[in-house]
S.K.: 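I have a structure here, written as C-alpha cells, and I will follow up with some questions on it.
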Amino acid sequence: QVQLVESGGGLVQAGGSLRLSCAASGRTSSTYAMGWFRQAPGKERDFVAAISRSGGRIYYADSVKGRFTISRDNAKNTVYLQMNSLKPEDTAVYYCAAGSLALSVSSSYDYWGQGTQVTVSL
C-alpha cells in the first residue's frame, strides 16, 4: 500500500513554469513505476509522463514532449514533473500514480493521488 500526495499546482501565465511534486508514503516508492496524468473538465484522464522504478526509462505524451520533464528521487520517495512553456491547454487537474510498469494506460496503475489543479492563463 502506498499513499500519494501531489503539490505544486497553481495559476500561471502562458509561457510560465511550474514544478509538481508527488510525495509517497507507506511502501517505498522505489518499488513502483510512477506516472503523471491530467484531466481537464469534461474530458478523459490523459497520460502525461511516466518513469520506471530506477528512472532509466522515461516516456512522454507527444503534447508535452520537449516542455515537461519527469524525474524521481527515490531517497526522498518523491516524483517531480517540471512543466515549462505552459499553454492554456495544459490546464487540468494533475494526478500522480504508482504501478508496476511505466505505461501510458491509466488502468495499469494501482495507486493514485488526490490531484493538484494547474491553471494556465493567457
Side-chain angles (χ1 to χ4, degrees):
Q1 192 82 1
V2 62
Q3 293 77 43
L4 304 173
V5 178
E6 302 96 335
S7 61
L11 174 64
V12 64
Q13 286 188 327
S17 298
L18 283 174
R19 188 176 82 154
L20 305 184
S21 299
C22 174
S25 61
R27 196 172 179 183
T28 56
S29 65
S30 60
T31 304
Y32 298 95
M34 301 295 293
W36 285 97
F37 290 77
R38 65 187 182 186
Q39 188 167 20
K43 295 188 177 181
E44 295 184 351
R45 189 170 296 188
D46 291 332
F47 169 73
V48 175
I51 187 167
S52 62
R53 301 177 190 185
S54 66
R57 286 171 290 173
I58 289 175
Y59 307 97
Y60 295 102
D62 288 343
S63 59
V64 306
K65 206 170 291 184
R67 299 187 298 122
F68 290 12
T69 302
I70 188 172
S71 62
R72 66 188 301 162
D73 184 338
N74 287 341
K76 295 182 178 180
N77 289 328
T78 301
V79 176
Y80 305 97
L81 185 68
Q82 177 67 43
M83 305 186 296
N84 299 328
S85 302
L86 283 161
K87 305 175 181 180
E89 51 263 44
D90 294 318
T91 296
V93 177
Y94 283 71
Y95 299 89
C96 72
S100 56
L101 295 174
L103 300 177
S104 62
V105 180
S106 61
S107 59
S108 66
Y109 293 85
D110 301 309
Y111 304 101
W112 292 82
Q114 84 289 349
T116 185
Q117 176 71 46
V118 172
T119 303
V120 184
S121 64
L122 288 170

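Only a predicted model underlies this, so the values are computations on that prediction, with no experimental measurement involved.
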S.K.: Val64, Met83: one ILVMFWY side-chain cluster at the under-4.5 Å cut-off?
M.R.: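 Linked within one cluster.
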S.K.: Given Arg38, which of Asp90, Val118, Leu81 fulfils the side-chain contact (heavy atoms from CB on, under 4.5 Å) condition?
M.R.: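 One option only clears the test, and that one is Asp90.
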S.K.: If only side-chain N and O atoms count, and only distance matters, is there a donor-acceptor pair under 3.5 Å linking Glu89 with Thr91?
M.R.: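 No - no donor-acceptor pair under 3.5 Å links their side chains.
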S.K.: Within the structure provided, determine whether Asn84 and Ser17 are in side-chain contact (heavy-atom separation under 4.5 Å).
M.R.: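 Counting from C-beta outward, Asn84 and Ser17 do come under 4.5 Å.
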S.K.: Out of curiosity, does Leu18 fall in the hydrophobic cluster containing Val93 (side-chain heavy atoms, cut-off under 4.5 Å, transitive links)?
M.R.: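 The answer is no; the residues belong to distinct hydrophobic clusters.
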S.K.: Could you go through the side chain to side chain donor-acceptor pair (under 3.5 Å) check for Asp73 and Thr78 one step at a time?
M.R.: CA-CA 5 Å; Asp73 184 338; Thr78 301; over 6 Å; no
S.K.: May I ask whether Ile58 and Leu103 are part of the same hydrophobic cluster, defined by side-chain heavy atoms of I, L, V, M, F, W, Y residues being less than 4.5 angstrom apart, directly or through others?
M.R.: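 No.
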S.K.: Is the gap between the ring centers of Phe47 and Tyr59 under 6.0 Å?
M.R.: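 That pair fails the under 6.0 Å test.
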S.K.: Is Arg72 close enough and on-axis enough to Tyr80, meaning under 6.0 Å and within 45°, for cation-pi?
M.R.: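 Pair Arg72/Tyr80 does not count as cation-pi.
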S.K.: Under a 4.5 Å cut-off applied to non-hydrogen side-chain atoms, are Ser71 and Val79 in contact?
M.R.: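 No, side chains not in contact.
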S.K.: More than 12 heavy atoms of other residues, nucleotides or ligands under 6.0 Å from NZ of Lys43: yes or no?
M.R.: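 12 or below, so no.
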S.K.: How many angstroms lie between CD in Gln39 and OG in Ser106, if you round to the nearest 0.5 Å?
M.R.: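 If we round to the nearest 0.5 Å, Gln39:CD and Ser106:OG are 9.5 Å apart.
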S.K.: May I ask whether Trp36 and Phe68 are part of the same hydrophobic cluster, defined by side-chain heavy atoms of I, L, V, M, F, W, Y residues being less than 4.5 angstrom apart, directly or through others?
M.R.: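 Yes, it is one cluster - the side chains of Trp36 and Phe68 are joined through contacts under 4.5 Å.
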S.K.: How many angstroms lie between CG in Leu4 and OG in Ser25, if you round to the nearest 0.5 Å?
M.R.: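 One finds 7.5 Å between CG of Leu4 and OG of Ser25.
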S.K.: Nearest 0.5 Å please: distance from the CD1 atom of Ile51 over to the SG atom of Cys96.
M.R.: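 It comes to 12.5 Å.
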S.K.: Output the distance between atom SG (Cys22) and atom CD (Glu6), rounded to the nearest 0.5 Å.
M.R.: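 Spacing of SG (Cys22) from CD (Glu6) equals 5.5 Å.
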S.K.: Side chain to side chain donor-acceptor pair (under 3.5 Å) with Arg57: which residues, sequence neighbours excluded?
M.R.: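 Result, side chain to side chain donor-acceptor pair (under 3.5 Å) vs Arg57: none returned.
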S.K.: Apply side-chain contact (heavy atoms from CB on, under 4.5 Å) to the pair Tyr32 and Val2, showing each step before the final yes or no.
M.R.: CA-CA 9 Å; Tyr32 298 95; Val2 62; 4.1 Å; yes
S.K.: Rounded to the nearest 0.5 Å, how far apart are CZ of Arg53 and CG of Leu101?
M.R.: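 The CZ atom of Arg53 sits 7.0 Å away from the CG atom of Leu101.
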S.K.: Is there a side-chain contact between Arg67 and Lys87 (heavy atoms, below 4.5 Å)?
M.R.: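 Side-chain contact under 4.5 Å: yes.
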S.K.: Tell me which one of Trp112, Tyr95, Tyr94 satisfies ring-ring contact (aromatic ring centres under 6.0 Å, His included) with Phe37.
M.R.: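 Running ring-ring contact (aromatic ring centres under 6.0 Å, His included) over Trp112, Tyr95, Tyr94 with Phe37 returns exactly one hit, Trp112.
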S.K.: Flag yes if Ile70 and Tyr109 sit in one hydrophobic cluster, no otherwise; membership is Ile, Leu, Val, Met, Phe, Trp, Tyr, and two members link when side-chain heavy atoms are under 4.5 Å apart.
M.R.: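 Ile70 does not cluster with Tyr109.
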S.K.: So, for Ala102 and Ser52, which heavy atoms are closest and what is the spacing to 0.1 Å?
M.R.: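 The pair with the smallest heavy-atom distance is CB-N, 3.8 Å.
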S.K.: Output, in order, the C-alpha distance, side-chain angles, deciding distance and verdict of side-chain contact (heavy atoms from CB on, under 4.5 Å) for Thr116 and Ser7.
M.R.: CA-CA 6 Å; Thr116 185; Ser7 61; 5.8 Å; no
